[in-house]
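Beneath this line is the structure, given in structure tokens, with notes to follow.
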Amino acid sequence: MTAKASVYDLAGDLVIYRNLDAAEPRLPRFVDAWDQMGLPGPARPRKLDPAYSQALAWILRRARALDAPGTELAELVYLGDTALNDGNAFRNVRAASGWRGWAFIGAERDEELAVSEKDGVFVANRWSALSEFVSWLRSSQAAALDARTAVIVDVDKTALGARGRNDNAIDRARVVALEATVAGALGAIFDPGTFRRAYAELNAPRYHTFTMDNQDNLAYVCMMVGANLWTLDDLLADLAAGRLVRTQDLMERVQAQRDRLPGPALLALHDDIYARASDGDPTPFKAFRQREYLETVKRLGQLPDSAPFGQRLVEEICMTREVLDVVRWFRARGCLLLAVSDKPDEAAFPTAELAREGYLPLHCIPTHIAGQSIAALLPEGS
Ligand SMILES: [Mg+2]
């Protein structure tokens, strides 16, 4: 299996990253459209916020009008990998749009096949169960699945790096980038053991209130632990005692004693992150995210065609064969495809300098396809 495909092959330029600007140039930027979307202000909502889904529904209608004017969307299909994030985003888009809708939440698990369905959300422990999902939509839900249908496909760990099979490759790109960025900023005082202990501890969901589940914040905190302003234990004690609640509190602490920061490089980095975070930028650690972009590019389609399958699933972020097959089937029926990713722009697009060297946005980079073909299992004709 040596064929390659990109997210562009799934959805063209109808790709939305975290900032809610479609890559499709004929669609307006979020900053020019938030009021038309009915949002209260220009702050970009996150995926769990109902405002995010309101924006998606608006974008889908506009996108449909570009290539099929006069066709009103009436159905929603959502393909994702997390019951919480994708499930909620799906329910929110369905509520915001008023369309009928169904979601598929997939993962590959080494256990007996199990599928379940509740309130339109179909959960399966095999990606190949997408074929059953489609049969169920047609037979028991009487879904039209045509030009009136919007299909949202989640990118991270769904279309690319299938959860349960190939998702570690995505995490690996981020962790390698985070560690390399922190190591670069700390120079000679960087201690990998200290960094990894801090990262492993603070990456846990119980610290999401502190980190806002934001890897930029996590990277900053790990960097400051590595800078020896406090030990990890001091920090955990302050968190437990409520003396520290948000990452911003820690940034203020550092700001109050920035003269103690070892080295001009770290000081400059703190100043930059502090200014951006104070300004409300949700991804203030630009160096880390740009490194994440490069580490992700390194893992897209870079192994030779002859690489063993096991190695490919560890070292490469692959296109999910089952998702590719079902998306092609939806597209052949005239459905509108939108790909969504939670990556910030800095982790998804090359810098201007890299773009001049030929680097592409992540969704335009072909990678090897991995998984089981379900094309023959999908219904033929209409
Ligand atoms: Mg995902």
Side-chain angles (χ1 to χ4, degrees), residues 5-8 10-11 14-20 22-23 44-49 52-53 55-56 76-94 101-109 121-130 133 150-175 177 203 205 208 212-215 218 282-283 289 292-293 295-296 299-300 313 316-324 326-327 330 337-345 347-348 361-363 365 367 369-371:
S6 66
V7 172
Y8 186 88
L10 299 182
L14 268 186
V15 180
I16 304 251
Y17 290 100
R18 182 185 289 185
N19 70 2
L20 281 166
R44 295 172 201 267
R46 292 298 306 275
K47 195 166 179 179
L48 282 173
D49 186 339
Y52 173 91
S53 298
L56 282 194
L76 170 69
V77 174
Y78 193 116
L79 311 179
D81 65 281
T82 55
L84 180 65
N85 256 348
D86 293 313
N88 280 336
F90 156 69
R91 279 183 283 270
N92 289 340
V93 176
R94 188 174 58 175
W102 309 271
F104 177 91
I105 305 293
E108 198 73 23
R109 300 199 196 284
V121 180
F122 195 100
V123 179
N125 60 359
R126 295 284 187 286
W127 286 102
S128 59
L130 275 164
F133 174 64
V151 179
I152 297 178
V153 55
D154 173 60
V155 173
D156 310 305
K157 306 189 178 179
T158 298
L160 293 178
R163 180 173 294 276
R165 180 199 289 158
N166 181 220
D167 52 325
N168 285 341
I170 292 180
D171 294 337
R172 191 80 200 124
R174 201 181 54 216
V175 174
N203 195 33
H208 279 182
M212 316 264 297
D213 192 15
N214 182 334
Q215 295 281 317
L218 187 53
T283 50
R289 293 302 187 170
E292 183 186 11
Y293 166 79
E295 291 295 335
T296 306
R299 288 164 176 79
L300 286 170
L313 289 185
E316 202 166 71
I317 300 168
C318 301
M319 170 65 63
T320 308
R321 160 67 67 186
E322 296 88 335
V323 173
L324 179 65
V326 81
V327 165
F330 282 128
L337 259 298
L338 174 72
V340 296
S341 166
D342 199 31
K343 282 197 191 303
D345 271 16
L362 293 185
H363 65 273
I365 303 176
T367 188
I369 303 167

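Note that the coordinates shown come from a computational prediction; the quantities given were computed from them, not determined experimentally. Order of appearance sets the numbers: ligands from 1, and atoms from 1 within every ligand. Along the sequence shown, residues carry numbers from 1. We use all heavy atoms of the structure for the numbers below, so side chains are in, but hydrogens, waters and symmetry mates are not.
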Atom of Asp81 closest to the Mg ion (ligand 1), considering N, O or S atoms: OD1
Heavy-atom side-chain contact between Leu76 and Ile152 under 4.5 Å: yes
Kindly indicate whether the side chain of Phe133, heavy atoms from C-beta on, has any atom under 4.5 Å from the side chain of Val77. yes
Determine whether the side chains of Glu316 and Asn166 contain a donor N or O and an acceptor N or O closer than 3.5 Å. no
Determine the minimum heavy-atom distance between Leu79 and Thr158, stating which atoms define it. O-CG2, 3.8 Å
Taking N, O or S atoms only and a limit of 2.8 Å, check whether Asp154 reaches the Mg ion (ligand 1). yes
At a threshold of 2.8 Å, where the distance has to be below it, does the Mg ion (ligand 1) have an N, O or S atom of Asp156 nearby? yes
